[in-house]
Amino acid sequence: MNRVYVCSCFGVTEAQVKRHVDDGACTPRQIASACKAGTDCGSCVRRIQAMLGRGACSRGDLADRVAPAVAERDTSAVAGFEGAAAA
């Protein structure tokens, strides 16, 4: 079996990247989340981009796949700070 490595830092092969693409990953960041490829030295990121191709996902597909990064804020620290500033 001939393995072609995309990421030598984490031993990620082309077949693994293709499997993640088949599972729905369409950005280098999503590939990195799935298998860590591209998160160490970064030399494989361009190859991953080339494997993904231009327009691997339409903007609509991408919006559906990526959950919005909205987190609830812990306002207790802010309230404590405002109280300290008023004192």
task = Drop me the distance from C35's SG to I48's CD1, to the nearest 0.5 angstrom.
result = 6.5 Å
note = Quick note, salt bridge (charged side-chain N to carboxylate O under 4.0 Å, His left out) partners involving residues 31-40, not counting sequence neighbours, are none
task = Examine V21 and Y5 and state if one hydrophobic cluster contains both, with Ile, Leu, Val, Met, Phe, Trp and Tyr joined whenever side-chain heavy atoms are less than 4.5 Å apart.
result = no
key: side chain to side chain donor-acceptor pair (under 3.5 Å) against Q49, all qualifying residues, sequence neighbours excluded   = none
query = Does V6 reach the side chain of M51, with side-chain heavy atoms less than 4.5 Å apart?
reply = yes
inquiry  = Show me the pairs that pass side-chain hydrogen bond (donor to acceptor under 3.5 Å, both in side chains) and involve residues 9-22, at least two apart or across chains.
reply    = T13-Q16, E14-R47
query = Is L52 close to V17 at the side-chain level, that is, under 4.5 Å between some pair of heavy atoms?
reply = no
key: Interatomic spacing from CG in D23 to CD1 in I31 - rounded to 0.5 Å   = 9.0 Å
request  = Indicate the atoms forming the closest heavy-atom contact of C44 with A37, along with that distance.
outcome  = SG-C, 4.1 Å
